[in-house]
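Taking it in order: structure first as structure tokens, then the write-up.
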Amino acid sequence: MAQVTPLAVRPTPVAASGFSHVSWAWAGVLPFFVFALMFLILPTGLLVVGGFQDAQGHFTLRNLLDLFTPTILSSYLISIKVSAASAIGGAFIGFFLAYAAIAGGLPPWVRSTLMTFSGVASNFAGVPLAFAFLATLGRTGLATALLIKIFRFNIYSAGFNLLSFAGLTLTYMYFQIPLMVLIMAPAIDGLKREWREASAILGAKGWQYWRYIALPILWPPVLGAALLLFANAFGAVATAYALTGSLLNIVTILLYAQIRGDVLHNQNLGYALALGMILITGLSNAAYIWLRGRSERWLR
Amino acid sequence: MLFGVLYFFVPLLGTFEFSLRYLRGVYSLEAYRIVLADPRFGATVTYSTALALATIVVGVVLVVPTAYWIQLRLPGLRPVVEFITLLPLVIPAIVLVFGYLRIYNSSSLLPLTGSERTTDLLLIFSYVTLALPYMYRAVDTGLRAIDVRSLTEAAQSLGAGWPMILFRVIFPNVRVAVLSGAFLTFAIVIGEFTMASLLDRPAFGPYLQLMGANRAYEPSALAIISFGITWACMGLIQVFGRGAHGQVAGAH
């Protein structure tokens with residue numbers, strides 16, 4: 001977005017030199033738009049339309065209203081809760097890790113190690129991640145066993161269960177935290193050292209620097225990144241499915257079951273379920289883009 | 001910091017320790033031996049690797065000319081194209097594949113799910129879609145770092161045609177960016193579960209899930225192997241991509 005694009009969608013510099021030239025220029029991006037139409041826009045659009053139709057293809061709002069039945073509503077709520085908890089937790093911890101490594105005065109190798117590891121860990125998701133947590137915090141996992149052995153503390157008798165809201169949130173944070181580190185690194189880099197020095201010269205204390213300078217600049221990217229993490233967790237299927245099977249009633253698993261075997265006994269209700277998911281991830285991404293625009297004013 | 005180190009290393013350690021427990025009482029590599037000897041392991045890894053390579057080829061052929069053309073001739077379209085490439089991050093993978101199953105089912109105009117070969121093709125296209133945000137970002141960063149216009153005009157004045165310019169001039173100049181996009185794509189595709197499972201293809205992700213549901217120690221060995229693959233991909237990006245930075249994170 002760094003480049004200046006004053007005239008948004010006008011067929012550009014060559015437009016003046018004649019019609020044949022214009023169509024030539026457009027032909028260059030045609031394959032991309034055909035691809036986007038076939039594999040992004042039409043499939044999604046068709047689901048959205050399907051959400052508003054009954055089995056005979058007539059317009060109806062019935063499906064959308066049916067989303068508010070207890071089972072479906074609770075699956076949305078659990079999904080939102082897990083995604084929000086893992087996004088907030090991931091954003092907090094990820095931000096402090098990134099800040100400590102970049103601006104915290106640690107040796108430079110800490111930063112490069114953290115960034116490389118974050119690249120790996122944020123991609124280490126899905127089925128293998130679920131296996132890793134089962135082997136660690138499952139009933140016979142290493143951490144569970146060690147805690148019993150050393151501290152005589154059984155997390156399972158204390159009420160913890162990996163196959164639950166808390167367990168899933170903890171597992172999701174394994175890819176949320178590194179993702180936050182990767183997203184926040186450029187923003188923290190953008191915090192100029194001079195700002196801190198200037199505020200110190202003017203007599204500001206540490207908390208005043210944070211309250212009046214760092215936070216007003218950083219809150220849009222931090223909140224924006226948290227929204228991105230939220231959408232990221234909200235659409236996740238594989239980790240949850242491999243971890244809990246269909247024990248935990250989150251919306252992606254419900255949709256998975258619906259696609260597999262029409263468990264809702266209504267195709268169009270399935271489309272409405274998908275529509276609801278697009279709405280939620282769409283809203284959080286739109287807010288992210290808006291906040292990113294705000295933060296780019298300062299962080300260049 | 002200590003908390004972070006613990007949180008990230010204990011699960012890896014736990015998985016590794018668990019994977020060695022196959023024989024009662026002693027640590028052994030038995031679980032790995034069994035996994036590697038399983039013909040389905042070889043078959044699914046080969047299948048997913050082939051699919052990943054095809055995805056990379058299709059993705060590069062789609063993204064490089066588009067990003068190049070946008071940069072050179074249609075800079076006004078850049079926001080539109082950027083928005084489209086970000087859509088796969090907005091629309092969850094499971095919703096996309098649901099759409100594909102509706103639009104390309106066996107009784108539709110374009111019955112891609114009709115036979116196994118065409119379903120493979122559909123799966124490749126779905127993976128290209130999943131990788132689109134990362135591939136486009138990587139290539140676009142690479143293209144911005146070079147002077148596309150001068151290179152093109154120089155090549156043109158020497159009499160090169162468009163294919164020549166693309167493959168002999170532009171492509172070698174963004175090789176590093178393309179490679180980092182390619183490894184990231186590989187890391188995303190190799191263990192992908194949702195799309196492969198719902199399109200019913202024998203990929204590595206669904207195999208992992210199946211093992212997880214039926215076995216005790218082998219899944220840990222598989223998780224360690226997958227972690228090794230992801231690590232290798234990211235390591236290769238670091239090796240090739242020094243200097244060029246894109247966002248490095250995939251689909252979950």
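Small disclaimer: the values here were computed from a predicted structure and weren't measured. Here is the naming used below: chain letters follow the sequence lines, and residue numbers restart at 1 for every chain.
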Exercise for the section: Mind running side chain to side chain contact (heavy atoms under 4.5 Å, CB included) on Phe32(A) and Trp69(B) for me, showing each step along the way? Expected result: CA-CA 11 Å; Phe32(A) 176 82; Trp69(B) 202 243; over 6 Å; no
Handout entry: Heavy-atom pair count under 4.5 Å with chain B, highest-scoring of Phe133(A), Tyr241(A), Tyr172(A)
Key = Tyr241(A)
Handout entry: Ile229(B) versus chain A, the contacting section by heavy-atom distance below 4.5 Å
Key = neither
Exercise for the section: Check whether any side-chain heavy atom of Ile84(B) lies under 4.5 Å from a side-chain heavy atom of Phe33(A), and answer yes or no. Expected result: yes
Exercise for the section: Please confirm whether the backbone N or O of Leu46(A) pairs with a side-chain atom of Arg102(B), one donor and one acceptor, at under 3.5 Å? Expected result: yes
Practice task
Measure distances from Val81(B) to the heavy atoms of chain A and classify the residue's part below 4.5 Å as side chain, backbone, both or neither.
Solution key: both
Exercise for the section: Report, by ascending residue number, the residues of residues 8-17 of chain B in heavy-atom contact with chain A at a distance under 4.5 Å; give 'none' if the set is empty. Expected result: Phe8(B), Phe9(B), Val10(B), Pro11(B), Leu12(B), Leu13(B), Gly14(B), Thr15(B), Glu17(B)
Problem - Donor-acceptor contact below 3.5 Å, side chain Thr281(A) vs main chain Val90(B) - result: yes
Practice task
Tell me yes or no: between the side chains of Ser197(B) and Tyr256(A), is some donor less than 3.5 Å from an acceptor?
Solution key: yes
Practice task
Examine Tyr174(A) together with Tyr7(B) and report whether their ring centres are nearer than 6.0 Å.
Solution key: yes
Handout entry: Region of Leu101(B) in contact with chain A, defined by heavy-atom distances below 4.5 Å
Key = side chain
Handout entry: Proximity of residues 213-226 of chain B to chain A, residues having a non-hydrogen atom under 4.5 angstrom
Key = Pro219(B), Ser220(B), Ala223(B), Ser226(B)
